[in-house]
Structures are given as C-alpha cells and as structure tokens.
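Just so we're clear, the structure is a prediction, and the values are computed from it rather than from any experiment. Residue numbers start from 1 in every chain, and the chains themselves are labelled A, B, ... in the order their sequence lines are given, proteins ahead of strands.
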Number of protein chains: 2
Amino acid sequence: MKPKITLKAIAKEFGVSISTVSKSLKNSNEISLEMRERIQAFANYYNYRPNSFAIKLRNQKTLVLGVVIPEITHHFFSKVISGVEQAANQRGYNVMVCLSNESHQKEMMNVAMLANGSVDGLLVSIANETQNKRDFKHFQELIDEEIPFVLFDRVEDTIACDKVVIDDVKGGYNATKYLIDTGAKRVGMLTTPDYVDVGYKRKVGYEKAIEEAGLPVDESLILKVNKEKDIAEQINSMIDREDHPDAIFAVNEIYAAIAIKTVQSRGMNVPNDIAVIGFTDGLVSQYASPSITTMEQHGFTMGMQAANMLVDRLESDVHAPYTTKVVSTSLKVRASTKKE
Amino acid sequence: MKPKITLKAIAKEFGVSISTVSKSLKNSNEISLEMRERIQAFANYYNYRPNSFAIKLRNQKTLVLGVVIPEITHHFFSKVISGVEQAANQRGYNVMVCLSNESHQKEMMNVAMLANGSVDGLLVSIANETQNKRDFKHFQELIDEEIPFVLFDRVEDTIACDKVVIDDVKGGYNATKYLIDTGAKRVGMLTTPDYVDVGYKRKVGYEKAIEEAGLPVDESLILKVNKEKDIAEQINSMIDREDHPDAIFAVNEIYAAIAIKTVQSRGMNVPNDIAVIGFTDGLVSQYASPSITTMEQHGFTMGMQAANMLVDRLESDVHAPYTTKVVSTSLKVRASTKKE
DNA sequence: AAAACCCACGAAAACGTTTTCGTGTTAATA
DNA sequence: TATTAACACGAAAACGTTTTCGTGGGTTTT
C-alpha cells in the first residue's frame, strides 16, 4: 500500500504546525481563511484521508458491528445479514461477518476475536452445537467486559442481553392450525433435535394446536430429523405406513421440499393426499413444485431490528434494561396445502 | 464498554515502566524472570489484551479483508463468502462484508470506505449497474493508492488486477452441447441484458455450441429477461408459440425454475416436451420438481481462491504481475433434462 | 586494580489524529 | 497611552503499543 499523505506531511509542506493543518481541514475559523483554503486545496489535491487507526485509537470506537451466524448459505440468515447491513449503514456503521458453521469452538473464537477491539458490539445467532453443549461462557465474558451484544433468532433465555426472536411457538401453532383448518386430521411434524431451540418451540406450538383441536398427539408422527443420515429415507419411514399423516408441518423449507419429493415419489399428490407446510420463505419455497405454503420469518426485518437495538444501546444508555423484541411470522399460502 | 486494562495501568501497579511491562508480556529475557512472572500473572488475572487500534496504528495492518458483493441472498455469493471466510481465517485474516445491492453508487461508497484503512485488501464482484454504466473509476483509485484487490466472477477485463472467473463461455457451451447431445434441435436461451458480463459470455458459448452442431442460431429464441417486469410472462411468450424450443438453457437457476413452472403450467412435461438446464447449483436446483440439471459454479472454491490470491499478494510481492484464475464449471445432471 | 562485560530496566520515539491551552502580534477601545 | 480584545497560530498531551538505544550497577576477566 502506498504511504498515505498525513497531517505531518502537509504541515511540513506549508511550514506550519500539525494543529494548524488539522484545524484547517476541519474548517475551523481559528485559522485564517487564506491559509485554510490553501491547505484544503492541497489536501484535496493529494486526496488526504485521515488515518482510520489513528481516529479509532483516539475515539475508542470502530463504527463496526460484528455478526456471528451459523451458516450464511441459509436464505434466512442471508436475509438477516441484508437487514443488518442496511440498518447499520443508515446509522453510519459497517458490518463484519463471521461464520460459526454450527461449531461451538468456532463461535467462541469468533466472538472472542470480535470482542477484542474489532467491533463496538455484536449480533449473534447461536450455533447448534453451542445450544447442545449449553456452554455460554463466551457470552458471559462479553457481559463482564461490558461489550453490548444482541442475540437473534437462536437465543438462550438465561443470557442477560437484548434479543430479537421469532415467535416460534405461535408460528408452529399457526402453521399447524392452518393444516387442521383446511381439513387435516393427522398432522405429522418434521423437526430438529430438541436442543435446537427454535425447533423445540415450534414443536410446542404444534402440540398446542393439535390439542386445542381435540386431536390426539401421536409421538410417532413427530420425526426428529438426523441431519447426518439420509433425510429422505427418514421422512419416507413416516409416509410409508398405513396410517401415514394427511398433512406435514416441516420446521424448515428444506425438510418441506424433501417431504414433497418423497410424497410425490410414492405416487401421491401434494396437497391432496398429503399437504405440506414449511417454515422460512426462501427461494426453495417459491420455486418448488408445487410452491410451498410457509410461515414467513421476515429475516430482513429481524436483521434491521437487531442492528438498531444494538446501535441504540451503543449510542444512548449502555445500561438501559434489556429488552426482547418479537418479530411475528405470517402465513404465506401457496400450492402445497389445501384451500380453506 | 468497560475501560480495558492497559500497559500503563500495569506499569503503575508495579511501579515500573511501560517498556518493562511490554517486554515482560512478550516474555523477553531482557527482564528478570521474577518480574516477568509477576507481571504475566497480573496481566493474566486482569485478562489483559493489547488494544487492537494501537497495534494497527503501529503496524499499519488490519488483518481484515473487505468483500463487496452485489447480493448476499444469491446462493452462489453466499457460497463464495463461505470460501473467502474459510481461506481468510486459515491465514489469520477476518472478513468484512459489504453489499452493493447491484447499485453503482453503493458499490463506490463501499469500496471507498473499505479502502480508507478499514482493510488490507478487497475482493469485489461488480454490480450490474456498474457494468452497465461502465464506470470503473473507483477501481482506478484503488490502483492509484496501491491497495491490492481481486475481482471475482463479475469482472471487467480492462481493470489491471488479479481476477478469479468462471469459464462462462465454456460453461454456456457445455450446457448447450449437453442439451443438443440429448436430442434437442431447437435450444432456447434465457439470459440477462448484454451488459451483464457473465450472461453475455454464457450466450457466446451457447451460440458456439449451436453453430458447431450445424443448427441455426435463431435470435427469437434468445430472451434477454427484463428483471423489472413479470419474468414468467416473458418466458411464456417464448413457449407460447408453435415453434417453441424443445430445450432451454437458463443463465441462472431462478430463470430455470420459473421456466419449468411455466412449461408445466401449460400442461407440458419437463424434460420430455421441453428440457431445461440451469446455471449455479443452489438449493432451488436441488429441490425443484423435477430437480434441475445445472452447471455447478463452485462458488466456495472460487471464494477460497480469491482470498488466497489476495493474501498472497499482501504477504509476498505486492508488485508481482497480475494473474487470472479460471475456475471451471461442471455439469450436474438431474431430472430436468433427458438422458444421453 | 583497571578494563570489559552482563544484567535489568527506563527513556523516548514512532504510528496519526484531535483538542485544549497557551502566546505573540495587531487592532480597537477607554 | 495604556488596556483589552481579537486574531492566527503553535506546543503538547492523549489514545496504547512496540522497539531501539541508553545507562547505572554489579560481576567477571586480565
């Protein structure tokens, strides 16, 4: 990198002090108009830009927000990033993205790295492995060091901080209720292991809707998908029975899409034989055949909210009480479910 | 943020100089073992971490790579980010992501911002609008300031820098040739306006394959999709004719998916009546019905390559001659095309 | 006993800003 | 004419680190 021009160099050029140059460039009327104009013209010509490290060292602020997410290739998370980026930019901040790849180890490293002066605050969605191990000491360190952070989507209730969450219980409830309202009598569910917070909550909502409708909760219709094994095969075992469900609530769009393909491959029709509803409105839901009815998660909104909460705390009262914002889901009816 | 402990504070605590503390923490044998141990224990207890701004001010290095991409919600770009992130991390760098949202203005702002000391170098994929306007002066500024950068995927040949590209001409050629090899006689193409570099190149490959097969190039079968208008409608106008194509090469997976839905909605079968091949192996291609045959772009590989090129330049010879790496595509056969 | 050497540490510069507090000169006021 | 005010600028501290170059006191060598 070319050595950039500094105040010192300009000062030398004009035979004045550094302070004079600094003030001139800030257009301080402490300096004579003539001198100001000459220095400004010179600085402009040489494209002077203050050294950002020097500024940051002085201000102890980076104007950068750090984001740690489990996976960037999930449509939902990329939407969140977009939202974070937009809100951050509007408020004069930039965004640094780190990926945990669902690894506890990598999440800790990223958090530690970002907390170590790279950013003013962070936005984190917790990795599955971290939720499984229930090891949150890296967040405790943030609290000890008084570095503001907000948890979003995949949160942990016991951590004292700002949070932005989807109302997953309600989302699960509404999705299931919609299936029941459109005629389903036996609703199956494709979910994650219980340690995945959002999967668990959606299941709670699912069970609530089933019970409210006076239907029996059949544990054999709740499949906790093991991502390590063949997913289609696991789903197939639910469909390949006499008493297969007549509707399926999938906890994400991928499971929904695989379910649809599995149903179709067995010669059955979606939604007539088995209706399917997903979660997260990604590209797959839009372009699958049939297109998939789903619970929209509004990731973009969530990202904006989270970023704004963080900047609010950064710029106003750092010790304000913590709040939790709930972003509600909304039903997007498409072709994979029956009409009311 | 809690005021962090500094060398000065430790020095005061022990009644020694700052240099002694600094050296002790670096375990320099200039300092007596006893003093070293006492200081290290103290620093450790108070969780001392050097102030990163001070370090950066001193070293004039950030160990951060900036990335500017048009859209993060494109699966291809999120794959690239993953690759960049992994390669960067392996080599001790972090990644800062900025989105241009296909806007020329925002791209310029992001590049200027990142170049202004936030990062050691950048990775950019050019926004459509920039390609359309052909205004690349922000890159010229990077060159003038000698800030290393590498362009990837959406590049501009006239800019002097390192590049990583897909062999789009060959990809377009191979995709088209595969359609012809599996029996197509009239191959249509869904592409972008010509100013989108990658779309243009894929079209060149398409035409080459058509000509080589001794088929006529029918301009009316080449649809330059206007993203502002209803895409399905535009595609429909190509299918809704007596002499509709018997195969379609779509320049991305979204157009491919929409084409499939459009064909199906007209009561025709994919691939028997019209075969469809896409570009980019995203989730849509995997989960559409039928699943979509496509040219894999290997975004992850591309990201890793680009990041490594950048770090290589940063860490070794900054004035080495520029190179262009070509990442080849590969055909992923699925169900939207006929078998050979 | 003089010369050389080692040890353990400190002073200070450097990185580039911003900002407070002078200070010397000139012009306006009493 | 003496006092004050305005003006235009400079010195220096502060942000936190690293590193070079001393230096004083003690120990070992000839």
Side-chain angles (χ1 to χ4, degrees), chain A residues 1-40 42-44 46-64 115-120 145 147, chain B residues 1-40 42-44 46-64 115-120 145 147:
Chain A
M1 206 175 340
K2 203 161 148 185
K4 296 228 248 171
I5 192 160
T6 67
L7 292 185
K8 193 196 276 185
I10 301 179
K12 199 172 175 186
E13 183 72 24
F14 284 85
V16 298
S17 77
I18 294 180
S19 354
T20 304
V21 177
S22 177
K23 287 171 191 164
S24 295
L25 294 179
K26 307 226 127 199
N27 213 21
S28 156
N29 56 4
E30 238 182 289
I31 307 297
S32 71
L33 190 59
E34 193 214 331
M35 173 109 297
R36 259 186 278 168
E37 284 175 345
R38 283 171 57 209
I39 289 181
Q40 285 172 13
F42 184 88
N44 204 45
Y46 283 101
N47 205 8
Y48 170 79
R49 296 274 175 276
N51 179 300
S52 70
F53 310 133
I55 306 271
K56 287 171 182 173
L57 175 58
R58 182 153 224 287
N59 301 340
Q60 299 293 347
K61 282 199 182 161
T62 64
L63 294 181
V64 176
N116 200 28
S118 298
V119 300
D120 292 341
E145 295 191 33
I147 298 173
Chain B
M1 205 177 336
K2 203 162 149 185
K4 296 227 248 171
I5 193 162
T6 68
L7 291 185
K8 194 197 276 186
I10 301 179
K12 198 171 176 186
E13 183 72 23
F14 284 84
V16 297
S17 77
I18 294 180
S19 355
T20 302
V21 178
S22 176
K23 287 170 191 164
S24 295
L25 295 179
K26 307 225 130 207
N27 213 21
S28 156
N29 56 3
E30 239 183 287
I31 307 298
S32 69
L33 190 59
E34 193 214 333
M35 174 111 297
R36 260 186 277 167
E37 283 174 344
R38 282 172 58 209
I39 289 182
Q40 286 171 13
F42 184 88
N44 203 45
Y46 283 100
N47 205 9
Y48 169 80
R49 297 272 174 276
N51 180 301
S52 70
F53 311 133
I55 305 273
K56 287 172 182 173
L57 175 58
R58 181 152 226 286
N59 301 339
Q60 299 292 345
K61 282 199 182 160
T62 64
L63 294 181
V64 176
N116 201 28
S118 298
V119 300
D120 292 342
E145 295 191 33
I147 297 174

S.K.: Looking for any heavy atom pair under 4.0 Å, which part of the strands does T6(B) touch: base, sugar-phosphate only, or nothing?
M.R.: sugar-phosphate
S.K.: Please give me the minimum heavy-atom distance between T62(B) and K56(B), naming the atom from each residue.
M.R.: O-CE, 3.6 Å
S.K.: Which residues in residues 31-39 of chain B have a heavy atom closer than 4.0 Å to any atom of DNA chain C?
M.R.: I31(B), S32(B), M35(B)
S.K.: Could you tell me the separation between the NZ atom of K61(A) and the P atom of dT18(C), rounded to a whole number of Å?
M.R.: 16 Å
S.K.: If you compare every side-chain N and O of K56(A) against the phosphate oxygens of dC15(D) (OP1, OP2), does one of them come in below 4.0 Å?
M.R.: no
S.K.: May I ask you to list the residues of residues 7-18 of chain A, by number, that have any heavy atom positioned under 4.0 Å from an atom of DNA chain C?
M.R.: L7(A), K8(A), I18(A)
S.K.: Please determine, for the side chain of K23(B), which listed nucleotide (dG16(D), dC9(C), dA11(D)) has the closest atom?
M.R.: dC9(C)
S.K.: Tell me: NZ of K4(B) to P of dG16(D), nearest whole Å?
M.R.: 11 Å
S.K.: Tell me which nucleotide among dC21(C), dT19(D), dG16(D) gets nearest to the side chain of E30(A).
M.R.: dC21(C)
S.K.: Atom CZ of F53(B) to atom P of dA14(C): distance rounded to whole Å?
M.R.: 24 Å
S.K.: Heavy atoms from C-beta onward define the side chain here; which of dT18(C), dA12(C), dC15(D) lies closest to that of L57(A)?
M.R.: dC15(D)
S.K.: Apply side chain to side chain contact (heavy atoms under 4.5 Å, CB included) to E145(A) and list each qualifying residue two or more places apart in sequence or on a separate chain.
M.R.: E141(A), I147(A), K4(B), N47(B)
S.K.: Among dT17(C), dG10(D), dC15(C), find the nucleotide with the atom closest to the side chain of Q60(B).
M.R.: dC15(C)
S.K.: Please determine, for the side chain of R58(B), which listed nucleotide (dT19(C), dT17(D), dC21(C)) has the closest atom?
M.R.: dT17(D)
S.K.: Among dC21(C), dT19(D), dT18(C), find the nucleotide with the atom closest to the side chain of I55(A).
M.R.: dT18(C)
